[in-house]
S.K.: 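The structure follows.
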Number of protein chains: 2
Amino acid sequence: MAWDLKPDRPIYTQLIEKIQLKIFSGEYPLGSNLPSVRDLASEASVNPNTMQRALAKLEEDGLVVTHRTKGRTITEDADMVKQAKNKLAQIHIFEFLEKMQLMGFSKDEVLVLISEMLKEMKK
Amino acid sequence: MAWDLKPDRPIYTQLIEKIQLKIFSGEYPLGSNLPSVRDLASEASVNPNTMQRALAKLEEDGLVVTHRTKGRTITEDADMVKQAKNKLAQIHIFEFLEKMQLMGFSKDEVLVLISEMLKEMKK
DNA sequence: ATTATTGTATTAAGCTCTTAATACAATAAT
DNA sequence: ATTATTGTATTAAGAGCTTAATACAATAAT
């Protein structure tokens, strides 16, 4: 499994995003057990402290639940997850459109470009 | 003019992006004079060294030309600018679509969401 | 000629992020 | 009961980014 971390942004931030994606996409099903901090850290080739920091944030956000010595699980609150997923999608969409418009592309141009890229990706 | 810099990523990186946008959108016309390092730094509330670093990168990329003691100008190579702009757009589009698909949205769902957001933004 | 402005370079300090090396308490597994 | 595994906390070191305070050479402006 490739974590694909880059040095241009804090690692712990990228870890948070990666794990969020795994939850949203269903790779980590609701209620399932998460590997231990040490295992996750080793899997991502990252220091346990850094992984711990990411997990603490995910727990703060409610996506992950800690059971002390039993390890962590993904939340079972499907509504919460769905809401968080949609919120994140909205943010991505908005920031993307904002960037494109700042570059000088019109709304119609953006739609055309997106459609073209989607066709490319279907091949 | 708001530079709107955030502490989550290196400042010099954000400066590069902002100035690129100003070139691509035409706010800095081709061939026009750029303010001095010190003026730009003061305008962005940033240390001159940091602005210098951003400008050096833009010069390396060919978007900006340095004339020693006469200051800097935007390149006059319209084709080069257009190419750089399109390349950046492709990167933004691809990364956006990649994120959305990793989150579990289908291509069709993405198109629908984008259209909805564009309608919102027209209001 | 003198002055001001340009880009550029250097050195030091402070900050955050990351890694490393541990250690501890709680509890599941044996 | 003992052992292993869990999350958690601490301290120290190093790396990169940023600011600060200068300094210098080249040249435009006066």
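In what follows, chains are A, B, ... by sequence order, proteins preceding strands, each numbered from 1.
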S.K.: Does the protein touch nucleotides 24-30 of chain C at the base, only the backbone, or not at all? Give it as B, S and - per nucleotide, heavy atoms under 4.0 Å.
M.R.: --BSS--

S.K.: Taking B:Ser42 for the side chain and B:Arg38 for the main chain, is one N or O donor matched with an acceptor at less than 3.5 Å?
M.R.: no

S.K.: Consider the side chain of A:Asp39, meaning its heavy atoms from C-beta on, and name the nucleotide among D:dT6, C:dT19, C:dT8 that approaches it most closely.
M.R.: D:dT6

S.K.: In this structure, how many angstroms lie between the P atom of D:dT5 and the CG atom of A:Asn33, rounded?
M.R.: 16 Å

S.K.: Roughly, in whole Å, what's the span from NE2 in A:His67 to C1' in D:dT8?
M.R.: 16 Å

S.K.: When the distance from CG of B:Leu34 to C1' of C:dG7 is rounded to whole Å, what number comes out?
M.R.: 13 Å

S.K.: If you look at every heavy atom in A:Ala44 and A:Leu15, which pair is closest and at what distance?
M.R.: CB-CD2, 4.3 Å

S.K.: Just how far, in rounded Å, is C1' of D:dG16 from CZ of A:Arg9?
M.R.: 16 Å

S.K.: Examine D:dT6: is either OP1 or OP2 under 4.0 Å from a nitrogen or oxygen in the side chain of A:Ser36? Give yes or no.
M.R.: yes

S.K.: Taking only Watson-Crick and G-U wobble pairs with both distances under 3.5 Å, what dot-bracket line describes DNA chain D, where [ ] shows pairs that cross earlier ones and | shows pairs with another strand?
M.R.: ||||||||||||||||||||||||||||||

S.K.: Which heavy-atom pair separates A:Gln14 from A:Leu5 by the least distance, and what is that distance?
M.R.: OE1-CA, 3.6 Å

S.K.: Restricting to non-hydrogen atoms, name the atom on A:Met80 and the atom on A:Leu63 that form the minimum distance, rounded to 0.1 Å.
M.R.: CE-N, 3.9 Å

S.K.: Looking at every heavy atom in both A:Thr75 and A:Gly62, which two are closest together, and how far apart are they?
M.R.: CB-O, 3.5 Å

S.K.: Among C:dC17, C:dG7, D:dC17, which is the nearest nucleotide to the side chain of A:Tyr12?
M.R.: C:dC17

S.K.: Once you round to the nearest 0.5 Å, how far does CD of B:Gln101 lie from CE of A:Met121?
M.R.: 4.5 Å

S.K.: Out of D:dT8, D:dC17, D:dT19, which nucleotide sits closest to the side chain of A:Glu59?
M.R.: D:dT8

S.K.: By the definition side chain to side chain contact (heavy atoms under 4.5 Å, CB included), identify the one residue from A:Thr73, A:Val64, A:Thr66, A:Val65 that meets it with A:Leu34.
M.R.: A:Val64

S.K.: Could you tell me the separation between the CG atom of B:Asn47 and the P atom of C:dT8, rounded to a whole number of Å?
M.R.: 15 Å

S.K.: Please report the distance, rounded to the nearest Å, between CG in B:Leu40 and P in C:dT8.
M.R.: 13 Å

S.K.: To the nearest Å, how far apart are A:Asp8 CG and C:dC17 C1'?
M.R.: 13 Å

S.K.: Phosphate oxygens OP1/OP2 of C:dT8: is one of them under 4.0 Å from a side-chain N or O of B:Arg72?
M.R.: yes

S.K.: Quick check: does any side chain N or O of B:Asn47 sit under 3.5 Å from a backbone N or O of B:Asn49, one acting as donor and the other as acceptor?
M.R.: yes

S.K.: Would you say A:Thr50 places a side-chain N or O within less than 4.0 Å of OP1 or OP2 belonging to C:dT19?
M.R.: yes

S.K.: Which sits closer to the 5' end of DNA chain D, B:Asn49 or B:Arg53, going by the nucleotide each is nearest to?
M.R.: B:Arg53

S.K.: Whole angstrom is fine here: how far is it from CG in B:Leu55 over to P in C:dT8?
M.R.: 8 Å

S.K.: What's the spacing between B:Asp8 CG and A:Arg9 CZ if we round to 0.5 Å?
M.R.: 8.0 Å

S.K.: If you measure from CH2 on A:Trp3 to CG on A:Leu40, what distance do you get to the nearest 0.5 Å?
M.R.: 5.5 Å

